[in-house]
Amino acid sequence: MESGKRASFTSKFGFVMAAASSAIGLGNLWRFPYLAAQYGGGTFLAVYILLATTFGYALMITEIAIGRKTGLSPMKAFSSLDKRFGFCGALGAVVPIIITPYYGVIGGWVVKYVAVYLTGQGAAAAGDGFFGGFITSAWEPLFYFLLFDLFSGVVVFLGVEKGVERASKAMMPILLLLTVFVAIFAATRPGAWDGVVYYFKPDFSKVTGKAVLAALGQLFYSLSLAMGVMITYGSYMKKSDDMNGSVCQIEFYDTLVAVLAGLMIIPSVYVFSGGSESAMSAGPGLMFITLPKVFNAMTMGTLVGGAFFFLTFFAAITSHISLTETIVSNLMDCFRWSRAKASAVVVAFVMLMGVPSSLGFGLWSRCAPLGMDLLTFFDFVSNSVLMPILGFATCAFVGYVLTPQAVIEEIEAGGRPYAHKKFYAFLVKYVAPIGIVAILISSVASGLGFLSF
Ligand code: TRP
């Protein structure tokens, strides 16, 4: 990202759509449903929505305001405001380095399923053990991952993201419609009602530290927070734009897609597994195990399934391109590398680093740090450790060094009065930083067995 004169979005709508297309991706379609299934359905959903409207809102508006105020890339934005907080920029640059490789591995799984449906094997994919057979095989997932990564690498190298993004903008509304359609179909299957209830009915006695941490990590991940991306978007926003309204809209769209994806998947797991504990906690594979069964139960299921995975591929590839682009532009910014050099290094690095995540389900399954497969481990380190730490640092910085007032002035820069000043200041000074520390401590403690809640 050049830090000189900045282009800006031509309208609020353009800004919201651009930020929403970074936010909406595998996080909503793949990650949210499996976490919700694993951590108590309605309980997880309620905690997630509570955190999204408080922590998520505060952090997103903060990042966008920092970006627009400084007009700089994340690496430079923090240090330009206060030298001591320059580490926030650096920490934010580390997160996409961890996420991009394993995101590509999941992207590869999606490509595989597109291929499966294109070749008319939808019925086979609905069989038990199909997905397990695929991810435990040595070379196949690796092959699809490399294909996926190469594709986004070429796009970043050629600098033609805009073309892909435009295609994706046309695809996203279709994806949304298809999601609504599949969600209704899945939720109205005989026997699905119990699953629908499980998904929407919270049981607060079941809230654990681990579940809240998972919801917090999911929030950062899904909204593309705590890695500087929203700072970048903010730096391209016009002063006259309505920042508060934009943030509310981005959050709304992102959460809507996640909730629908959950509705598409969770009641169906219930139907097909009788609500068994092990099926509900299938983890990263859930979407790939459950959806083919749903499509198989539909008339024209192969067509619908093919269309669904194809559209998911678009959601995934645009997010992967933008993750790759984040690393590339950080390298160009920091070391003055050319785009060609930075893209080549990043693609090669991502290929190398994705290999353990891909093999972790098969050949390397005995390597299981903290009892997790390697993909889940990288996912845990970035979303449940680094992002909360950076989220905390950002709130502490704004709450006590920069002052919430400075952010509020930036929000109001376009002349629109900001109605939630007190709420924002309270969130960023107390609720978010204290909450994040409490969540981290309680989850570490319960992980180590000190606490049993
Ligand atoms: N929010 C994206 C998703 O839900 C993932 C993501 C996190 C992302 N940070 C990002 C995408 C930065 C693009 C850029 O899938």
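Every number for a ligand or one of its atoms is a count from 1 in the order of the listing. Numbering starts at 1 and runs along the sequence shown.
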request  = Work out which heavy atom in S152 is nearest to a heavy atom in I317; give both atom names and the distance.
outcome  = CB-CD1, 4.0 Å

request  = Please report the shortest heavy-atom distance between F78 and F85, naming the atom on each side.
outcome  = CB-O, 3.3 Å

inquiry  = A cation-pi test, strictly: NZ or CZ of K112 under 6.0 Å from the centre of the six-membered ring of W109 and no more than 45 degrees from its axis. Yes or no?
reply    = no

inquiry  = Residue by residue, ordered by chain and number, which ones reach under 4.0 Å of ligand 1 with a heavy atom?
reply    = S22, A23, G25, L26, G27, N28, Y103, Y221, S222, S224, M227, V229, S319, S322, L323

key: Which residues share a ring-ring contact (aromatic ring centres under 6.0 Å, His included) with F151, sequence neighbours left out   = none

message = Can you list everything that forms a salt bridge (charged side-chain N to carboxylate O under 4.0 Å, His left out) with E410? Sequence neighbours excluded, please.
response = R68, K239

Salt bridge (Lys or Arg N to Asp or Glu O under 4.0 Å) partners of residues 22-34, not counting sequence neighbours, each pair once = R31-D379

